[in-house]
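For reference, the structure discussed in these notes is given below.
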Number of protein chains: 2
Amino acid sequence: MSDVPVPPWRTTPKSGQARKPLSQDVILRAALRILAEEGLEGVSMRRVAQELHTGPASLYAHFANKDELLEMMFDHVLGEVRVPEEGEGDWTAKLKAIAWEVRRVLISHGDIAQVGLAVVPLGPNGLRLSEAMLGVLREAGIPDQQVAWAADRLSLYITADAFEVSYEARRGRGSPEEIAAYYAGVIQYFRSLPPDRFPHTTALVGPLGQGDDETRFEFGLDLFIRGLSTYIPADGGTS
Amino acid sequence: MSDVPVPPWRTTPKSGQARKPLSQDVILRAALRILAEEGLEGVSMRRVAQELHTGPASLYAHFANKDELLEMMFDHVLGEVRVPEEGEGDWTAKLKAIAWEVRRVLISHGDIAQVGLAVVPLGPNGLRLSEAMLGVLREAGIPDQQVAWAADRLSLYITADAFEVSYEARRGRGSPEEIAAYYAGVIQYFRSLPPDRFPHTTALVGPLGQGDDETRFEFGLDLFIRGLSTYIPADGGTS
DNA sequence: ACCTGAACACCGTTCAAGT
DNA sequence: ACCTGAACACCGTTCAAGT
């Protein structure tokens with residue numbers, strides 16, 4: 001069979017590899033492509049393999065299992081986060097900038113935030129972000145123990161918010177009108193509750209319906225920073 | 001075939017129903033039993049059906065789909081949460097009591113918290129808890145808009161923390177020694193990082209390793225309350 | 001109205017066999 | 001060392017048929 005001449009209509013020479021060879025990198029890229037187009041639920045080992053014109057078993061030469069693939073996808077996504085340079089405003093501005101930037105990047109990659117809640121993000125980019133947060137908090141003059149715990153809690157808050165928002169977006173499947181209609185329905189439901197059993201819920205129907213996702217995120221971030229400020233000693237942050 | 005006498009060795013009479021009839025309640029109970037014993041990943045429509053000695057299709061006469069079953073399971077779990085009575089300490093003590101109680105109940109039911117992150121918990125028990133939080137916050141003298149948003153953010157924080165902790169417990173699969181060993185490994189890894197690229201992470205190895213899950217939850221809760229306190233007007237909370 | 005068996009279109013992972 | 005087909009043990013949901 002090998003001595004038959006290659007027919008002229010065969011465009012890919014038989015000796016060269018027909019498909020680009022598999023590697024962590026090409027698998028990761030394919031998986032991120034599917035994440036962008038179909039969300040996290042579309043990212044299955046079989047779907048990724050199909051995207052690369054091979055079978056699912058082939059992926060296991062490059063990743064121990066699906067969780068390892070997801071962890072590497074998450075860290076890859078965090079690579080897009082831009083951390084503020086030295087001297088771009090005071091510590092609260094810098095901390096907010098990091099928080100908003102992480103949230104934006106996570107939400108822009110479907111519901112990948114779910115992975116960040118399930119694993120401790122210790123990849124190179126996770127560490128880079130953690131390092132940046134610790135730096136900003138220390139610079140603020142917050143004591144070391146509070147710095148360490150605050151970075152932990154802030155990461156949790158950002159990731160949880162991003163997951164909630166991205167999941168909600170996937171659920172509503174698109175148009176902002178549908179999401180708005182859903183929330184209008186919830187508020188209408190609150191209004192219909194018996195005021196004797198739900199005096200506060202019914203009294204606060206107005207405020208409960210106020211504010212979009214971004215306003216709520218900012219409010220929580222602000223609470224967090226107000227709380228942290230109380231840990232700064234009188235002479236702190238100006239050294 | 002129907003005129004053949006019932007043989008004496010048949011213990012269940014053919015005319016009475018062989019199994020207890022299906023209903024939302026018995027399905028819910030079976031699902032919660034599986035959740036307790038095998039975690040959320042064990043709760044599949046097929047597994048629940050098997051528990052009830054029937055096929056998965058039978059469940060669809062009582063629940064529209066799996067998500068509806070999960071939502072009802074979540075609200076059922078929230079039913080175990082005990083809300084503080086009037087006059088059990090000041091508002092911070094009451095708010096903390098609710099937060100700790102919700103966290104405890106969620107964690108005691110495997111990784112059910114994941115469901116709470118994905119859906120807006122609007123079942124009867126979700127509403128009862130939301131109402132309780134709103135009441136405590138209003139009593140504190142916090143303005144209505146901040147009350148509404150604070151309840152939203154606090155729910156997110158509690159649920160996210162419960163999910164993280166319960167997931168971690170499922171991952172470590174049991175013994176506290178294994179979990180401790182994992183964290184010791186992480187700290188060892190931090191220690192091994194290059195100090196020029198990670199000056200803060202390496203400098204804070206001590207503080208980063210301090211504190212168990214409960215200490216961290218309490219720290220975040222405290223930050224939240226410190227932040228909220230700044231919204232109480234000078235004459236507020238004592239009316 | 002409620003329940004069922006069977007089918008459809010999927011999963012993650014393993015393993016022996018190939019190159 | 002890397003890749004593969006086939007298999008194992010699962011999924012959620014639908015649908016026509018039964019009672």
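Throughout, protein chains are lettered first and strands after them, A, B, ... in sequence-line order, and every chain is numbered starting at 1.
With B/S166 as reference, B/D111 is the one residue of B/L40, B/I112, B/D111 to meet the side chain to side chain contact (heavy atoms under 4.5 Å, CB included) rule.
Residues A/L59 and A/R46 each lie close to DNA chain D; by heavy-atom proximity, the contact nearer the 5' end of the strand is made by A/L59. Heavy-atom nearest nucleotides on DNA chain C were determined for A/G42 and for A/A64, and the one closer to the 5' end corresponds to A/G42.
The nearest whole Å value for the distance from the CD1 atom in B/I27 to the P atom in C/dC2 is 11 Å. With rounding to whole Å, B/E41 atom CD is found 10 Å from D/dC11 atom P. Look at CD on B/Q24: it is 11 Å from P on C/dC2, rounded to the nearest Å. Taking atom NE2 of residue B/H53 and atom C1' of nucleotide C/dC3, one finds them 16 Å apart after rounding to whole Å. If you take CD of B/Q50 and P of D/dA9, they are 14 Å apart, rounded to a whole angstrom. D/dG12 atom C1' lies 15 Å from atom CZ of B/F63, rounded to whole Å. Note: CE (A/M45) to P (C/dC10) measures 18 Å, nearest angstrom. Note: NZ (B/K66) to C1' (D/dG12) measures 8 Å, nearest angstrom.
Counting only heavy atoms from C-beta on, B/P21 has its side chain closest to C/dC3 among D/dC3, D/dG5, C/dC3. In this structure, the nucleotide among D/dT14, C/dC11, C/dT14 sitting nearest to the side chain of A/Y60 is C/dT14. Side-chain proximity of B/A61 to the nucleotides D/dT4, D/dG12, C/dC3 is greatest for C/dC3. Considering only the side chain of A/R47, C/dC11 comes nearest among C/dC11, C/dG12, C/dC3.
A sub-4.0 Å separation between OP1 or OP2 of C/dA1 and a side-chain N or O of B/H62 is absent. Dashed line: the shortest gap from a side-chain N or O of A/S44 to OP1 or OP2 of C/dC11 is under 4.0 Å.
Contact detail for A/H62 and A/Q24: the closest heavy-atom pair is O-OE1, 3.0 Å. A pairwise comparison of heavy atoms in A/A160 and B/A160 identifies CB-CB, 3.5 Å as the closest pair.
C/dC3 and D/dA16 are spaced 13 Å apart, taking the C1' atom of each and rounding to whole Å. Taking atom P on both nucleotides, D/dC10 is separated from C/dA9 by 22 Å, rounded to a whole Å.
Nucleotide C/dC8: paired with D/dG12 (Watson-Crick or G-U wobble, both distances less than 3.5 Å). Pair assignment for C/dT19: D/dA1, on the basis of Watson-Crick or G-U wobble contacts that are both within less than 3.5 Å.
In this structure, A/R216 does not pair ionically with A/D161, as no charged nitrogen and carboxylate oxygen lie closer than 4.0 Å.
By the 6.0 Å and 45° rule, A/R103 stacks over the aromatic ring of A/F217.
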